[in-house]
Amino acid sequence: MSEQSTQVAAIRPLTPETEKRIEKNPLLHIDTFVIPSPYVQDSEIEKDYEHSYVWIEEGEILGFVLVYSDREKRRFHIYKLVTSPFGRGRGIGTLFIEHLARSIPAEAILYLYVWEKQADTLEFFQRKGFRVGETTVYRNLIYYHLSAPAAEIRVESEFPAASRKLYTEEIGRTRHDAKKTIRLLAHMVEMLSIENCGKIIEDINRETTTLINILNAFRDTVSSIHAVNVKELILERILPYIEASSVPSSVKLTIDSESTNVLGYYVNYGRALVNIVANSLEAIAEAGRKGVIEISLQDEGSGLVLQIADNGVGIEPALLERNTEGYPAFVGSTTKERRKGEGLGTVQIYSTFGIENISVESTVGEGTVWTIRLQKAGDLVDRWFLKLEQRFHELKTLGDGSRALVGTSRTAVIAYIWQLRKFQLYLFDVILQFGKYHNVRSIYRSVLAFLMGRKSPSALAAEIDALRSDRPQLKSRLMETAEEIKMRFKELRRTVDLRQYRAALFKSYGQALENVIIFTLDPESGRFFATDRKLAEHLDFVPYLRRQRDELLRGEFIGDVNDRSRPIILGVWSVESDADLYAKLCLLRQGAQKLLEIGVYGDKRLAFYQTTHVRHGRDINSDVATTLEQFAAAGDDELWGYTAEASDELQGFLTAID
């Protein structure tokens with residue numbers, strides 16, 4: 001059965017029984033806004049079970065659409081369209097709308113109301129063919145009326161399966177870029193001396209951060225477009241890369257533009273430019289002469305033109321010929337037998353900048369020139385900010401009247417926890433916006449100290465006020481959201497025993513569908529702290545767990561914790577001896593048992609970090625995978641099966657940068 005057929009099979013008619021299950025499921029009521037009554041436009045419509053649907057997988061309801069219709073079945077009101085956090089990003093809402101449109105007469109009208117501040121929702125329905133009509137004021141909120149004939153509903157042609165090939169290719173590109181950075185780091189370590197230690201250590205710290213970003217970027221498959229300062233990227237990333245190379249080269253840099261901000265994704269742009277100059281350096285080395293790399297950046301209309309030229313061996317004319325899709329023949333394949341991995345690098349370059357924005361000229365024996373045209377940042381950056389503001393207003397409306405917990409049911413408490421996580425995830429995104437001028441990890445540590453009662457409101461406010469930002473409004477959003485989160489945590493601790501809600505506390509981070517969530521866990525008590533990978537290190541949470549580092553575990557996961565195919569990763573910080581290795585294995589087993597205890601599924605995949613500090617011949621085997629249930633039940637002797645010989649090369653490398 002095809003994936004599309006499987007998806008449609010997951011859609012089932014709504015029944016009174018499943019409706020009762022929906023009412024008891026807190027994950028289907030997290031985003032409950034005060035919406036118009038279904039009878040706003042037509043008091044004669046009735047609940048239509050035949051054309052209302054639920055999405056059920058493995059017995060779990062991941063979404064539903066509730067529809068009302070008139071007796072003639074000519075007008076259908078989409079009253080509620082809800083997707084569980086565990087079902088988001090999979091196109092469930094799209095499939096509901098398309099299935100409904102196919103199930104009713106072509107001339108029938110579909111309509112609904114959307115709150116004016118839900119810009120993304122408005123865009124979604126407009127893309128599906130709905131037209132915006134008059135507004136309706138209901139309980140002091142303004143709603144747009146959207147409608148469309150069933151025959152005009154646009155059907156999407158792309159399903160998740162279509163993008164799996166792209167994910168597989170991205171894994172290869174990520175491995176390629178990560179290995180390239182590791183080779184550079186190893187070369188830096190070899191260059192380390194008393195005279196240059198300051199600069200080399202700074203370069204190592206920068207490249208280590210880059211390596212982390214490359215690996216995280218693979219997980220961030222929905223790469224948010226934002227402003228990238230190409231000038232800063234060249235100065236901070238590309239020039240140091242060339243200087244650290246073992247290939248003797250000089251660089252000529254020309255920048256003829258006052259505004260070098262373009263639209264893109266910083267990590268992808270950095271990877272692509274490194275791939276270009278890495279290929280240039282290899283071509284220069286092959287030519288056997290002193291290298292010259294010329295980089296120029298200049299205005300061209302409303303955009304920028306970036307050129308990177310080298311005096312390497314050049315590319316054969318046959319490899320410059322374009323195929324029917326417009327790609328040169330060298331894209332996706334190596335131009336020289338000895339330059340392994342170049343093909344993956346060129347694929348990443350073209351996927352980042354787009355085939356239409358790249359031209360390559362080359363003369364054999366003389367060199368190669370890359371010309372890349374970039375779009376300057378403008379309206380789309382403003383649109384990004386508006387979306388962040390939209391989220392703030394949604395949360396503010398969501399939070400009004402839902403702060404008190406006294407006398408509420410367990411279902412309501414769970415919904416409250418999931419709503420609280422939405423505030424936290426918004427906070428994470430706001431902090432990241434200060435990264436242009438500040439270390440976001442320092443900002444997060446200050447916010448964490450405030451949330452934990454170790455920093456006063458006035459002290460945090462003073463720090464936030466001193467931050468530099470192109471959007472000063474973000475300062476007030478950061479402070480206001482931090483205060484809201486602290487108040488909500490206080491209410492939780494005051495009214496419920498958090499130990500009874502650890503499953504919701506842990507799994508609710510899965511709303512960040514593609515974010516890497518790191519956590520530090522006390523395997524004895526089950527207490528943990530978690531955040532976005534870009535904002536902290538596991539060690540940042542150790543002081544708040546009141547345990548020694550080696551009594552805790554570090555871990556991470558991505559998205560829906562109930563998705564068995566995406567592993568939870570666990571690890572320790574150090575291994576000193578055979579006895580210590582055994583103790584750490586027992587600690588990991590205890591952590592797996594605790595995750596099972598709080599409600600993570602037993603068949604959830606489990607993988608292991610490579611230990612940070614290994615001063616022993618054996619280590620936790622980071623290449624092995626199992627399940628939580630299997631590892632939690634492993635006997636003492638079986639634990640040794642999860643170890644392997646430590647890598648001497650990597651051990652020395654980690655020791656050097658420690």
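In what follows, residues are counted from 1 in the order of the sequence shown.
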Would you indicate whether the side-chain heavy atoms of Asp429 and Arg391 approach each other to under 4.5 Å? yes

Classify the ring geometry of Phe541 against Phe529: parallel below 30°, tilted from 30° to 60°, perpendicular beyond 60°. parallel

Any side-chain heavy-atom pair of Val572 and Asp550 under 4.5 Å: no

The reported gap from OG1 in Thr352 to CG in Asn275 (rounded to nearest 0.5 angstrom) is 8.5 Å

Quick check for you: to the nearest 0.5 Å, what is the distance between Ile517 atom CD1 and Thr531 atom OG1? 6.5 Å

Tightest non-hydrogen contact, residues Tyr444 and Ile431, listed as CD1-CD1, 4.0 Å

To the closest 0.5 Å, what do you measure between CG (Asn621) and OH (Tyr642)? 10.5 Å

Will you find, in the side chains of Ser362 and Thr368, an N or O donor that is under 3.5 Å from an N or O acceptor? yes

Spell out, as yes or no, whether a donor-acceptor pair under 3.5 Å connects the side chain of Asn311 to the backbone of Lys290. yes

Quick one: are Val331 and Asn323 in side-chain contact, heavy atoms under 4.5 Å? no

Would you indicate whether the side-chain heavy atoms of Asp540 and Glu537 approach each other to under 4.5 Å? yes

Do Ser259 and Asn261 have side-chain N/O donor and acceptor atoms under 3.5 Å apart? no

Close side-chain approach of Leu374 and Val230, heavy atoms under 4.5 Å: yes

Given the rule in the side-chain contact (heavy atoms from CB on, under 4.5 Å) test, do Gln433 and Arg471 qualify, once you have shown the distances and angles that lead to the verdict? CA-CA 9 Å; Gln433 307 318 314; Arg471 299 283 184 177; over 6 Å; no

If you define the side chain from C-beta out and look only at heavy atoms, does anything of Leu474 sit under 4.5 Å from Leu388? yes

Looking at side-chain heavy atoms only, is the closest gap between Asn279 and Thr346 below 4.5 Å? yes

Out of curiosity, Arg566 CZ to Phe557 CZ, how far, rounded to the nearest 0.5 Å? 11.0 Å

Test log, rule side-chain contact (heavy atoms from CB on, under 4.5 Å), inputs Asn515 and Leu425: CA-CA 10 Å; Asn515 292 31; Leu425 296 175; 5.5 Å; no

For Tyr509, give me all partners under ring-ring contact (aromatic ring centres under 6.0 Å, His included), at least two apart in sequence or on another chain. none

From Ile568 CD1 over to Leu521 CG, what is the distance, rounded to the nearest 0.5 angstrom? 9.5 Å

Could you pull out the closest heavy-atom pair between Ser257 and Asp299, with the gap in Å? OG-OD1, 2.7 Å

Can you measure from CD1 (Ile293) to OG (Ser250) and round to the nearest 0.5 angstrom? 8.5 Å

Should the pair Arg477-Glu389 be classified as a salt bridge under the 4.0 Å nitrogen-to-oxygen rule? yes

In chain order, what residues pass the ring-ring contact (aromatic ring centres under 6.0 Å, His included) check against Phe353, with sequence neighbours excluded? Tyr269

Does the side chain of Arg615 come within less than 4.5 Å of Glu576's, by heavy atoms? yes

